[in-house]
J.: 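The structure is given below, and queries will be raised subsequently.
These figures come from a predicted structure and were not determined experimentally. Numbers restart at 1 for each chain; the letters A, B, ... are given by sequence-line order, proteins then strands.
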2 protein chains.
Amino acid sequence: MQPSVRPSPLEQPTPGQPAQHDVAAVRRFNRYFTRRVGVLSDRYLERNRPLGQARLLFEIATATTQRELRERLGLDAGQLSRMLTALESQSLVRTRPDPADRRRRLIELTARGRRELAEQNRRADAFAAGILNGLTGDQRSRLLDSLGTAERLLRLAAITVESPVDPATAEARWCLDSYAAELDERFPGGFDSSILVTAEQLSPPAGAFVLARDDNGPVGCGAVRSLGDGAGELRHLWIAPHARGLGLGRRLLADLERLAADLGHRVLRLSTHPTLTEAIALYRGAGYRAVADYPGFEDPHATLCFERDLP
Amino acid sequence: MQPSVRPSPLEQPTPGQPAQHDVAAVRRFNRYFTRRVGVLSDRYLERNRPLGQARLLFEIATATTQRELRERLGLDAGQLSRMLTALESQSLVRTRPDPADRRRRLIELTARGRRELAEQNRRADAFAAGILNGLTGDQRSRLLDSLGTAERLLRLAAITVESPVDPATAEARWCLDSYAAELDERFPGGFDSSILVTAEQLSPPAGAFVLARDDNGPVGCGAVRSLGDGAGELRHLWIAPHARGLGLGRRLLADLERLAADLGHRVLRLSTHPTLTEAIALYRGAGYRAVADYPGFEDPHATLCFERDLP
DNA sequence: AAAATTACTTGACTCGGGTCAACGATTGAC
DNA sequence: GTCAATCGTTGACCCGAGTCAAGTAATTTT
């Protein structure tokens with residue numbers, strides 16, 4: 001819902017309200033899909049066991065504490081406790097006190113529970129296979145393609161970008177740490193994380209930090225700091241691996257440019273490394289031009305510099 | 001699950017079990033979609049009214065008798081009756097005895113019920129719009145494209161083809177009537193339905209009839225009759241308008257060819273009309289060649305003849 | 001005209017999901 | 001060492017969904 005005061009050459013995330021026709025199409029698909037696939041596959045899951053317990057079995061496979069289960073499934077403590085005793089009485093699940101904190105109870109599947117879970121999975125697979133069965137190979141791959149594209153775009157649509165945000169929060173730190181860890185792996189000589197800019201440099205009015213989140217937490221970040229003299233520097237633009245290929249980079253970049261302009265910068269500069277091909281393509285596509293160097297440039301890893309005038 | 005005894009040049013609907021990878025992709029999408037969209041939109045629908053009543057309100061807009069509602073929603077008679085009295089006590093719905101059969105009660109929305117329904121729709125729209133909001137125009141159209149393709153393919157996968165089937169059943173008659181009605185509209189001079197082949201000609205061993213159904217009933221048909229002398233004739237291949245563009249034609253055609261071969265025919269012939277461009281494309285694509293005429297050809301509307309040797 | 005059928009209503013249930021509050025047991029903070 | 005907070009359990013609920021069977025009124029069949 002940004003007012004389009006300053007039209008940017010980049011794609012705007014929200015070009016007005018969606019057309020009624022498009023809204024109807026989404027609703028139509030939703031109606032069809034949940035009726036045909038969603039509900040049915042639930043019924044398939046439960047083997048004369050309440051749906052809640054069946055779902056729980058799924059989650060227990062990867063969780064160990066009640067707290068975790070409660071958060072993941074959004075259950076009441078009492079309700080979960082009762083469901084667990086039900087599963088325990090079927091000897092699908094075993095609980096024992098956590099030695100580290102004996103208020104807690106650790107939960108694990110028994111051998112029988114694992115068999116039961118495998119059977120549930122087999123049935124869910126059979127259901128999905130049943131859907132694919134009536135299709136030719138070509139049709140199948142078109143279907144999977146469409147589902148994949150749809151999922152990626154839905155995920156993208158679920159991502160919200162907060163800007164500016166305090167770079168000292170846990171979520172922000174997590175992003176910056178992930179960024180450093182990734183570069184450390186990708187750069188031949190590793191990555192020297194001491195060159196990460198400090199939180200002070202990224203807080204207004206000196207600079208700004210931008211954070212993208214989906215339903216499960218942070219999925220990307222980016223920062224602007226001041227180089228002085230009307231110039232800003234873009235730093236630490238990072239997208240979580242599972243959120244790549246969605247167009248989120250462009251969205252973050254657009255937000256950072258807007259922020260930089262708001263901070264009074266007239267030109268935005270950045271440096272990057274030839275290995276980071278996706279990033280380079282992003283900058284070129286967004287109208288950045290390569291420059292030899294710039295004052296304040298200090299990253300020893302970077303060997304490519306870009307800049308762009310801000311509107 | 002047809003054994004591939006006689007490999008046809010046409011695409012087989014079931015080339016073996018789907019790969020595990022594909023199955024997982026379908027499950028992944030299902031999980032994501034139902035969690036993110038399905039459940040949420042239900043919660044959006046209900047305005048401190050039980051979900052069942054909210055759904056009912058939707059359906060009443062287009063239905064008038066309890067019987068119809070029961071069938072559409074799969075509800076118990078008692079349950080529906082109670083839900084209706086609940087809606088009636090909120091004066092959203094009015095019922096009155098059907099003058100034609102006073103055991104029945106006609107159901108209609110009151111003015112207030114219509115307002116309430118409109119509000120429900122507004123909310124559901126807002127929810128769908130919310131999904132589209134975070135996307136650029138280009139991304140939106142890609143999303144809608146993908147959803148459309150996925151829905152069409154899922155619909156196709158849900159279609160089952162029964163062959164052979166008794167051409168005298170109500171469903172078969174319905175298809176043939178629809179076929180005649182459509183041609184009557186599309187042909188400049190109308191369609192003379194007396195040339196429809198008789199049920200006897202389409203029953204084994206003289207011929208065969210094939211019927212395609214989706215969850216809601218018949219969506220297509222086709223027939224083979226004998227022309228004598230080792231030749232069969234393909235007749236009345238028809239696909240319901242809402243099931244077109246899915247590739248169902250090719251599937252029915254493949255089934256009919258298999259049937260014709262089973263009946264002992266060595267060549268399959270057919271006649272069609274230049275207006276029916278989709279059909280002509282289908283036949284050409286399936287390896288049929290145009291011929292001038294053939295013995296037994298009798299359809300006054302048809303002016304194009306095709307044939308193909310059966311394996 | 002009687003018997004069977006159909007359309008709906010009502011009562012009496014079960015069940016799963018969900019909420020709330022009280023209560024041990026355990027732990028961390030001061 | 002005490003007190004507050006935390007983790008899980010248990011009892012006592014509500015609610016909506018769904019099932020089953022008996023009952024009433026109207027209609028069709030025979």
Side-chain angles (χ1 to χ4, degrees), chain A residues 34-35 38-40 42-60 63-90 92-108 120, chain B residues 34-35 38-40 42-60 63-90 92-108 120:
Chain A
T34 49
R35 272 233 272 269
V39 186
L40 273 172
D42 274 357
R43 294 269 165 268
Y44 254 75
L45 255 186
E46 50 180 323
R47 321 210 303 126
N48 59 45
R49 184 189 326 288
L51 183 56
Q53 288 179 30
R55 275 205 229 283
L56 195 49
L57 219 49
F58 257 111
E59 298 292 336
I60 292 174
T64 44
T65 67
Q66 287 202 27
R67 163 150 224 89
E68 214 184 319
L69 286 173
R70 278 221 312 280
E71 273 172 14
R72 233 189 291 171
L73 294 170
L75 287 176
D76 175 76
Q79 203 180 344
L80 176 59
S81 176
R82 259 180 276 259
M83 286 171 92
L84 281 173
T85 56
L87 288 179
E88 217 169 346
S89 76
Q90 299 166 67
L92 300 172
V93 149
R94 196 173 28 234
T95 71
R96 61 188 163 86
D98 183 345
D101 178 346
R102 297 200 334 278
R103 288 171 303 183
R104 290 199 186 131
R105 317 215 76 210
L106 296 180
I107 308 166
E108 43 190 26
Q120 272 185 196
Chain B
T34 49
R35 271 234 270 270
V39 186
L40 272 171
D42 273 359
R43 296 267 165 267
Y44 253 74
L45 252 186
E46 48 181 327
R47 320 211 304 128
N48 58 45
R49 184 189 329 286
L51 184 55
Q53 287 178 31
R55 274 206 230 283
L56 194 51
L57 220 49
F58 257 110
E59 298 293 336
I60 292 174
T64 44
T65 68
Q66 287 202 26
R67 161 151 228 90
E68 214 183 317
L69 286 173
R70 278 220 314 279
E71 275 172 14
R72 232 188 292 171
L73 294 171
L75 289 176
D76 175 76
Q79 202 180 345
L80 176 58
S81 177
R82 259 181 276 259
M83 286 171 90
L84 282 173
T85 57
L87 288 178
E88 217 168 347
S89 77
Q90 299 168 65
L92 299 171
V93 149
R94 198 174 23 233
T95 71
R96 60 189 163 86
D98 182 345
D101 177 346
R102 293 195 342 272
R103 287 172 305 182
R104 288 197 188 134
R105 318 214 78 209
L106 296 179
I107 307 166
E108 44 191 25
Q120 274 187 194

J.: Given atom CZ of R105(B) and atom P of dT9(C), what is their separation to the nearest angstrom?
T.: 6 Å
J.: Who pairs with R70(B) by salt bridge (Lys or Arg N to Asp or Glu O under 4.0 Å), at least two apart in sequence or on another chain?
T.: none
J.: For nucleotides 12-20 of chain C, just jot down a letter per nucleotide in 5' to 3' order: B, S or -, based on protein non-hydrogen atoms under 4.0 Å.
T.: B---SSBBB
J.: Could you check whether any side-chain heavy atom of L51(A) comes within less than 4.5 Å of a side-chain heavy atom of R55(A), counting everything from C-beta outward?
T.: yes
J.: Any chance you could measure T65(A), atom OG1, to D98(A), atom CG, to the nearest 0.5 Å?
T.: 8.5 Å
J.: At 4.0 Å (heavy atoms only), tell me whether R49(B) reaches a base, stays on the sugar-phosphate, or touches nothing.
T.: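 It contacts nothing in the nucleic acid.
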J.: Could you measure the distance from the CG atom of L56(B) to the CG atom of L92(B)? Nearest 0.5 Å is fine.
T.: 10.5 Å
J.: What is the 5' to 3' range of DNA chain D, first to last nucleotide, that sits under 4.0 Å from any heavy atom of chain B?
T.: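 Nucleotide range in contact with chain B: dG16(D) to dT27(D).
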J.: Shortest non-hydrogen contact from I60(A) to L84(A)?
T.: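 Closest pair (atom of I60(A), atom of L84(A), distance): CD1-CD2, 3.9 Å.
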J.: How many angstroms lie between atom CD1 of I107(A) and atom CZ of R67(A), to the nearest 0.5 angstrom?
T.: 12.5 Å
J.: What string of B, S and - do you get for nucleotides 24-30 of chain C, 5' to 3', when a contact is any protein heavy atom under 4.0 Å?
T.: --BS---
J.: Using the test salt bridge (Lys or Arg N to Asp or Glu O under 4.0 Å), find all partners of R49(A) that sit at least two apart in sequence or belong to another chain.
T.: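 R49(A): salt bridge (Lys or Arg N to Asp or Glu O under 4.0 Å) contacts with E116(A).
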J.: Write down the atom of G52(A), the atom of M83(A), and the distance for their closest heavy-atom approach.
T.: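 The answer is C-CE, 3.0 Å.
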J.: Take the protein atom CG of L84(B) and the nucleotide atom P of dT10(C), then report the distance between them rounded to whole Å.
T.: 12 Å
J.: Show the atom names and distances, to 0.1 Å, of all donor-acceptor pairs under 3.5 Å that link a side chain in residues 72-82 of chain A to residues at least two apart or in another chain.
T.:
unit_1, atom_1, unit_2, atom_2, d
R72(A), NH1, E59(A), OE1, 2.7
R72(A), NH1, T62(A), OG1, 3.0
R72(A), NH2, E68(A), OE2, 3.0
D76(A), OD2, G78(A), N, 2.9
D76(A), OD2, Q79(A), N, 3.2

J.: State whether the side chain of Q90(A) and the backbone N or O of A86(A) hold a donor-acceptor pair below 3.5 Å, judged by distance alone.
T.: yes
